[in-house]
Amino acid sequence: MSFGKGCHLHLIDGSSFIFRAYHALPPLTRKSDGLPIGAVAGFCNMLQRYVEGNHGPDAPTHVAVIFDKGSHTFRNDLYDAYKANREAMPEDMRPQIPLTRDATRAFNIACEEIEGYEADDIIATLACQARDLGGRVTIISSDKDLMQLVGGGVEMLDAMKNRRIDVDGVREKFGVDPDRVVDVQALAGDSVDNIPGAPGIGIKTAALLINEFGSLDELLDRAEEIKQPKRRETLIGKRAQIEMSKRLVQLDCDTPLEFTLDDLEVRDPDPEVLLGFLTEMEFRTLSKRIAEALGREAPVIPEPAAQEVAEAAVPDWPAIDPASYERVGEMAALERWIAAIRAQGFVAIDTETTSLNEMQADLVGISLATAPGTACYIPLAHKGGAADDLFGSEDLAEGQVPMANALAALKPVLEDDAILKIGQNMKYDAKILAAHDIAIAPIDDTMLMSYALHAGEHGHGMDTLSERYLSHEPIPIKTLLGSGKSAITFDRVPVEEAVKYAAEDADITLRLWHVFKPQLHRARVTTVYETLERPLVPVLARMERHGVKVDRATLRAMSGKFAQKMGALEAEIHALAGRSFNVGSPKQLGEILFDEMGLDGGKKGKTGAWATGADVLEDLATEHELPARVLDWRQLSKLKSTYTDALQDHIDPETGRVHTSYVQTGANTGRLASTDPNLQNIPVRTEEGRRIREAFVAEEGNLLVSLDYSQIELRILAHVAQIDALKQAFRDGHDIHAMTASEMFNVPMDEMTPEVRRQAKAINFGVIYGISGFGLARNLRIPRSEAQGFIDRYFERFPGIKGYMDETVAFAREHGHVQTLFGRKIHTPEISAKGPRAGFARRAAINAPIQGTAADIIRRAMIRMPGAIADLPCRMLLQVHDELIFEVQEDAVDRVIGAVREVMQGAAHPAVHLDVPLVVDAGQGANWAEAH
DNA sequence: AAATTCACG
DNA sequence: GACGTACGTGAATTTC
């Protein structure tokens with residue numbers, strides 16, 4: 001096909017792919033000879049992902065990967081310092097460059113480079129040609145230097161963020177249309193490429209000037225008109241330098257090419273060539289994946305002497321084949337499986353039910369796996385009914401073992417101390433089985449193993465793990481249940497389909513267990529898994545099943561009151577605005593405040609919408625009535641929709657209680673997350689919000705008791721950073737924030753003002769979060785310079801803190817993870833990233849050991865709690881990060897507080913001896929508001 | 001499905 | 001020199 005109208009050209013910026021691939025992956029080497037191949041692996045992965053994504057109407061007709069070649073270009077003749085401050089290419093990257101060319105050719109994608117030209121110029125030339133012929137162009141790169149090409153059918157695509165950049169995207173980045181981007185760049189310069197530009201002028205100022213004068217030439221000609229003296233002098237004095245900068249950033253659309261667009265037509269890869277290349281590189285996982293996509297058998301890559309157990313184990317297993325699983329329809333067959341399990345001593349198990357909510361879920365079937373590829377499904381409560389019967393039948397389907405008989409046979413196995421039960425997210429299955437009076441134990445949980453091994457690297461759901469560690473995509477549940485309104489429950493799934501899906505889950509779980517089990521030891525996280533993860537499962541299951549009593553009448557009354565007040569506020573707000581609008585719409589509110597009322601202080605976010613967050617409205621509220629009323633309305637709206645209304649829907653009709661679900665792998669740091677509903681963010685900071693806690697009540701004759709760790713994160717900071725002054729203050733029971741303030745501002749403790757103490761408190765918390773001048777300034781609403789002054793003084797007074805922060809970041813850079821005092825590892829894959837992500841990763845790395853150690857401590861307390869309170873008339877109900885809530889028989893409150901406090905305060909022992917005491921405060925009352 | 005906002009530790 | 005930032009979460013709502 002000759003290139004022309006209707007054609008779509010993709011131009012991939014090869015260098016940016018290589019650099020991203022290099023930095024995204026650890027330094028992998030080819031096992032047989034140690035050749036560095038990390039970047040090549042990442043590059044191939046990106047190409048494969050790119051190819052897989054190329055379907056549908058937007059698919060390219062022509063494609064090429066463009067590379068740089070040679071280091072000397074016409075730009076070096078113009079300016080000898082061009083790109084002079086670039087860091088040298090890493091040693092282990094250089095040999096991989098030619099291999100990425102080979103990889104591109106292996107994928108049968110055109111691979112182009114021209115000696116003495118930058119890839120950007122080739123891309124520019126091709127893009128111009130394609131555009132002039134009436135075709136569409138997508139440049140796959142995030143390099144801002146290419147943005148000048150956008151427009152007239154040319155767009156960019158950031159492959160990592162999967163974000164298209166069109167003319168509007170360019171305007172957002174540069175503040176001008178694409179044809180003026182070079183003008184802005186000429187003024188702003190670029191430190192990465194060492195383009196000088198105009199000193200003192202950045203992108204913002206440059207865009208302002210270009211928009212005012214229309215073009216760079218016009219601006220330079222009329223520079224005399226500029227009012228700011230410094231800026232005027234720069235523009236006049238540095239004119240030559242600015243004009244040269246423009247020539248440096250201007251891409252060349254007339255690069256002499258030795259090929260034409262027609263040579264770039266999309267071609268299918270030759271499976272032999274592609275798989276041959278991948279085999280040569282020894283990419284096991286990738287070659288398997290690509291072979292599957294090509295419908296070929298995966299190439300066999302021999303394993304060298306030093307074997308990775310996980311990698312070596314996989315090829316020996318039979319492929320995952322849903323058609324091979326057994327349907328267990330009668331007792332005799334079930335007895336055979338039970339005998340096999342007893343003989344082996346372990347089994348993978350998965351339960352299928354009618355709901356994700358364990359309290360309302362009915363058991364539908366159970367699947368078992370005893371070896372990779374050996375799995376079965378025992379349907380127990382599938383409904384029958386003809387396929388054409390829209391509503392199905394209420395009768396049970398044929399060929400199912402009666403549930404009571406099956407469970408009676410399984411119960412001794414599931415409760416047998418000598419038989420290990422393996423599951424993925426066992427808390428769910430444990431809760432389902434508990435409803436049938438089965439206390440499943442002992443267990444292993446592949447989700448928790450993954451969490452102990454890989455927190456921070458990826459999620460821990462079965463689909464993720466299967467794809468990552470088994471290179472297999474499980475049958476999506478959607479294909480069985482459908483989605484949305486027409487979704488059915490699992491008991492309506494035909495048994496033959498259910499067998500494939502359910503048994504596959506058990507099979508996958510067993511395989512994952514074989515992969516992870518030996519890795520725990522090698523990664524030194526066996527103790528974390530065995531003492532902080534696995535034993536928490538039955539504890540959480542029991543708390544969740546018990547639930548907390550919530551009084552519907554209290555919530556209903558509050559909802560009504562909130563609705564009334566909101567109605568009045570809404571009328572007031574509309575009157576102030578002069579027209580009616582949706583108060584709940586930030587977009588409409590922004591238009592009212594900043595476009596119609598013309599208030600200043602408005603800022604647009606990255607999507608171009610006005611920001612109307614509470615901080616913005618609070619600033620405006622000092623001058624105007626409307627934002628103040630909106631803040632009031634928002635508070636009520638939040639309380640009503642998220643709490644008083646939604647909580648009522650979560651009261652279980654059977655128990656009259658609310659049963660949250662804790663996600664043990666939800667937070668990377670080791671904290672729990674609470675969902676459906678989230679009971680870890682019930683309001684407390686405002687008087688009105690706190691009243692919602694009055695609806696959380698104790699059963700007749702009982703009280704709610706709350707115990708929380710006082711300042712646990714600061715205590716941990718004092719310990720890990722070895723800050724003597726802080727440690728001593730905690731030992732002496734002093735007010736830690738006042739003490740900090742006194743040290744920093746030289747104010748004697750008895751002259752401390754609340755304001756100074758408040759500032760010190762913000763700094764103390766800031767330290768835990770990986771403090772920055774900007775963040776502290778925003779929090780305290782003071783100038784950034786002043787905030788930076790505070791931080792400097794703090795580090796001066798407590799040099800250990802700065803040392804700890806630097807050491808933590810250095811540790812993360814070296815090892816790719818940080819860890820808690822108890823050995824929990826939190827991976828920090830972005831720690832060496834560039835740009836704003838580096839800041840995020842750095843602060844997260846500083847925070848994780850502190851937050852994570854606190855999380856470990858309360859986990860240890862929770863795990864010991866059932867034993868400590870077994871003989872007392874009370875139940876543990878909730879955990880809120882540093883707080884535990886109990887329901888206690890009235891006459892036992894003091895005894896319970898004593899026992900719980902002892903467990904909580906001693907929870908770090910004997911694994912860790914802290915230099916600071918842990919202090920636990922207690923409260924009690926008829927409801928949570930009183931107990932807190 | 002993404003963005004915005006806001007509740008908690 | 002400019003940019004974007006406090007750490008960790010979940011849920012409701014609007015908008016696309």
Side-chain angles (χ1 to χ4, degrees), chain A residues 163 173 188-192 196-206 456 582-590 605-617 630-631 634-635 637-643 645-647 650 660-663 666-686 689-690 692-693 708-709 711-713 762-763 765-780 784 787 791 826 834-852 854-855 858 879-883 932:
Chain A
R163 203 176 56 142
K173 172 87 189 164
D190 185 344
S191 63
V192 180
I201 294 181
I203 289 188
K204 288 285 148 77
T205 315
N582 183 354
V583 184
S585 161
K587 186 165 172 272
Q588 294 178 34
L589 176 64
K606 38 189 163 210
T607 57
W610 293 109
T612 68
D615 48 346
V616 176
L617 296 189
V630 172
L631 282 169
R634 280 213 183 138
Q635 198 205 352
S637 163
K638 182 80 177 182
L639 294 177
K640 181 169 186 294
S641 68
T642 310
Y643 300 105
D645 287 352
L647 268 177
H650 281 286
T660 184
S661 196
Y662 290 102
V663 188
N668 288 336
T669 52
R671 273 196 181 178
L672 304 178
S674 158
T675 66
D676 307 299
N678 181 355
L679 295 187
Q680 290 182 323
N681 71 344
I682 302 301
V684 70
R685 290 174 190 174
T686 66
R690 185 156 51 235
I692 288 171
R693 296 185 173 219
D708 68 286
Y709 285 108
Q711 310 279 20
I712 187 167
E713 293 192 353
I763 297 168
F765 280 112
V767 166
I768 294 172
Y769 299 150
I771 200 156
S772 74
F774 181 92
L776 184 65
R778 202 173 67 168
N779 192 287
L780 283 176
R784 194 171 157 175
I791 295 170
I826 298 112
K834 285 247 168 127
R837 286 142 65 112
F840 275 118
R842 184 181 157 278
R843 292 190 296 269
I846 292 168
N847 174 258
I850 301 168
Q851 189 182 112
I858 197 165
Q879 188 248 45
V880 191
H881 308 309
D882 64 357
E883 172 187 16
H932 184 76

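Each chain gets a letter, A, B and so on, in the order its sequence line appears, and its residues count up from 1.
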With a 3.5 Å cut-off and sequence neighbours excluded, list the donor-acceptor pairs that the side chains of residues 839-848 of chain A form with protein atoms.
from, atom 1, to, atom 2, distance (Å)
A:Asn847, OD1, A:Gln851, NE2, 3.3
A:Asn847, ND2, A:Ile768, O, 3.1

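Across all their heavy atoms, A:Thr642 and A:Ala646 have their closest contact at O-CB, 3.4 Å. The nearest pair of heavy atoms linking A:Ile712 to A:Ala854 is CG2-CB, 4.0 Å. In terms of heavy atoms, A:Leu639 sits closest to A:Pro683 at CD2-CG, 3.6 Å.
Separating the P atom of B:dT5 from that of C:dA6 is a span of 13 Å, rounded to the nearest Å. When the P atom is compared between C:dA2 and B:dA7, the two are found 36 Å apart, to the nearest whole Å. Comparing B:dC6 with C:dC3, their P atoms sit 26 Å apart, to the nearest whole Å. Only the P atoms considered, B:dA3 is 16 Å distant from C:dG4, to the nearest whole Å.
For A:Ala198, the side chain to side chain contact (heavy atoms under 4.5 Å, CB included) criterion is met by A:Leu187, A:Ile201, A:Thr234, A:Ile242, not counting sequence neighbours.
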Base-contact (B) and sugar-phosphate-only (S) positions in nucleotides 3-10 of chain C, heavy-atom cut-off under 4.0 Å, - elsewhere:
SBBBBBSB
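Within 4.0 Å (heavy atoms only), A:Glu883 reaches no atom of the nucleic acid at all. Residue A:Ala855 is out of contact with every strand shown, counting any heavy-atom pair closer than 4.0 Å. Using a 4.0 Å heavy-atom cutoff across all strands shown, A:Ala646 reaches sugar-phosphate atoms only and no base atom. Contact annotation for A:Arg634: backbone-only contact, meaning every heavy-atom pair under 4.0 Å involves sugar-phosphate atoms and none involves a base.
Chain A approaches DNA chain B over the interval B:dA3 to B:dG9, counting the first and last nucleotide 5' to 3' with an atom under 4.0 Å from its heavy atoms.
Side chains of A:Leu617 and A:Leu589 form a contact here, defined as non-hydrogen atoms less than 4.5 Å apart. Considering only heavy atoms from C-beta on, A:Leu776 stays 4.5 Å or farther from A:Tyr769 through its side chain.
For residues 672-685 of chain A, no residue pair satisfies the salt bridge (Lys or Arg N to Asp or Glu O under 4.0 Å) rule, not counting sequence neighbours.
Note that the CD atom of A:Gln680 and the CD atom of A:Gln879 stand 5.5 Å from one another [nearest 0.5 Å]. The CG atom of A:Leu780 sits 6.5 Å away from the CD1 atom of A:Ile763 when rounded to the nearest 0.5 Å.
Every stem involving DNA chain C, taken as at least 3 paired positions in a row under the Watson-Crick or G-U wobble test at 3.5 Å, is listed here: B:1-9 with C:7-15.
Between C:dT13 and A:Ser585, no contact under 4.0 Å exists linking OP1 or OP2 to a side-chain N or O.
Rounded to an integer number of Å, the gap from NZ of A:Lys173 to P of C:dA2 is 14 Å. Rounded to an integer number of Å, the gap from A:Asn582 CG to C:dT15 P is 6 Å.
Between the side chain of A:Thr660 and the backbone N or O of A:Thr675 there is at least one donor-acceptor pair closer than 3.5 Å.
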